[in-house]
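Okay, structure first, notes after.
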Amino acid sequence: SGLICMAILFELLTFACCGVKNARLQVVLTDYAAVLESNGLDGLRLSVYYIDPSILTRFPLTEERLLSFESVQRFDVDNAQLLQNIELLKTINAEEMTPVSNTSVLDARLCCIFESDRAGQILRLTLGGKDNSIFVNEVEVENCELLRDLLAAFASEETMRVLVHYFDKE
């Protein structure tokens, strides 16, 4: 009887936690979708920061540490390039992402930051969770293929030769 009550309590807590994650994810992605629906995407731009997969660090990197890491590489995608790939950008939505049930410690290796002229920073996609999960504004989700597809559309061939190692870990 006690074990059954504990099991029910655990399930309720898990459901409540996942519900909060889903709600946070939904809010973030709703703001992002609003920018996509605006004319000219409100000056939307994308900055991608990454380190080479062969670089080892002494401790897991936070997003802030990644952005200031001495060996960080960066490329930017302007509004015109984003407009040309609007359908791809629309695939970044809550239906395509499932929050993980067991969160991991972030070890940021790659971070995509979407900013708009009017809203400022609206979306951060960071690779660096367990089993190649990604963090969407600090909510860990399972869909890293979405990030790979996004990068393939905007990164140079040379950059993709480096980044592909993050996604081909089989």
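In this structure, Phe135 and Ser104 have side chains that are in contact, with non-hydrogen atoms separated by less than 4.5 Å. Between Leu147 and Tyr166 there is no side-chain heavy-atom pair separated by less than 4.5 Å. Using a 4.5 Å heavy-atom cutoff, the side chains of Lys90 and Glu37 are in contact. Here the side chains of Leu125 and Ile92 are in contact, with some heavy-atom distance below 4.5 Å. No side-chain heavy atom of Pro60 sits under 4.5 Å from any side-chain heavy atom of Leu106. Annotation: side chain of Phe154 is in contact with side chain of Asn85 (closest heavy-atom distance under 4.5 Å). When side chains are defined from C-beta on, Leu46 does not count as touching Leu89, because their heavy atoms never get closer than 4.5 Å. For the pair Leu151 and Tyr50, the minimum side-chain heavy-atom distance is 4.5 Å or more.
In this structure, the side chain of Tyr49 does not engage the main chain of Ser68 through any donor-acceptor pair within 3.5 Å.
Among residue pairs with one or both ends in residues 145-155, none qualify as salt bridge (Lys or Arg N to Asp or Glu O under 4.0 Å); sequence neighbours excluded. Sequence neighbours left out, the pairs with a member in residues 60-83 that pass salt bridge (Lys or Arg N to Asp or Glu O under 4.0 Å) are Glu63-Arg124, Arg74-Asp76.
For the atom pair CD (Gln81) and CG (Leu83), the distance works out to 10.5 Å, reported to the nearest 0.5 Å. Atoms CD and CG, on Gln73 and Leu163 in that order, are 10.0 Å from each other to the nearest 0.5 Å. With rounding to the nearest 0.5 Å, the separation of CG in Asp31 from OG in Ser116 is 10.0 Å. If you take CD1 on Ile134 and CD on Glu142, they are separated by 10.5 Å, rounding to the nearest 0.5 Å. Residue Ser71 holds its OG atom at 4.0 Å from CD1 of Ile55, rounded to the nearest 0.5 Å.
The two residues Leu146 and Met97 have their closest heavy-atom pair at CD2-CE, 3.9 Å. Nearest heavy atom pair, residue Pro53 against residue His165, reads CG-CB, 3.8 Å. When all heavy atoms are compared, the tightest approach of Ile113 to Leu67 is CD1-CD1, 4.0 Å. Between Ser133 and Leu127, the shortest heavy-atom distance links the atoms O-CD1, 3.7 Å. Of all the heavy atoms in Val162 and Asp52, the pair that sits closest is CG1-OD2, 3.8 Å. Of all non-hydrogen atoms in Arg118 and Ser38, the two that sit nearest each other are NH2-CB, 4.4 Å.
When hydrophobic clusters are built by joining Ile, Leu, Val, Met, Phe, Trp and Tyr residues whose side-chain heavy atoms come closer than 4.5 Å, directly or via intermediates, Val139 is not grouped with Val105. In terms of hydrophobic clustering, with Ile, Leu, Val, Met, Phe, Trp and Tyr side chains grouped at heavy-atom distances under 4.5 Å, Val27 and Tyr32 are assigned to different clusters.
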Item to complete: Evaluate side-chain contact (heavy atoms from CB on, under 4.5 Å) for Leu123 paired with Val28, printing each intermediate quantity in order.
Response: CA-CA 7 Å; Leu123 187 63; Val28 166; 3.5 Å; yes
Worksheet item: What's the verdict on side-chain contact (heavy atoms from CB on, under 4.5 Å) for Thr159 and Val48, showing C-alpha distance, side-chain angles and the deciding distance?
Response: CA-CA 11 Å; Thr159 299; Val48 179; over 6 Å; no
Item to complete: May I have the step-by-step check of side-chain contact (heavy atoms from CB on, under 4.5 Å) for Ile51 and Leu61, ending in yes or no?
Response: CA-CA 11 Å; Ile51 58 175; Leu61 295 176; 3.8 Å; yes
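Checking Asn79, Asp117, Val77 one by one against Arg45, the side-chain contact (heavy atoms from CB on, under 4.5 Å) holds for a single residue, Asp117.
No hydrogens or angles considered: nothing links the side chains of Glu140 and Thr103 as a donor-acceptor pair under 3.5 Å.
Counting heavy-atom neighbours within 6.0 Å of Glu138 CD, excluding the residue itself, gives a total of 12 or less.
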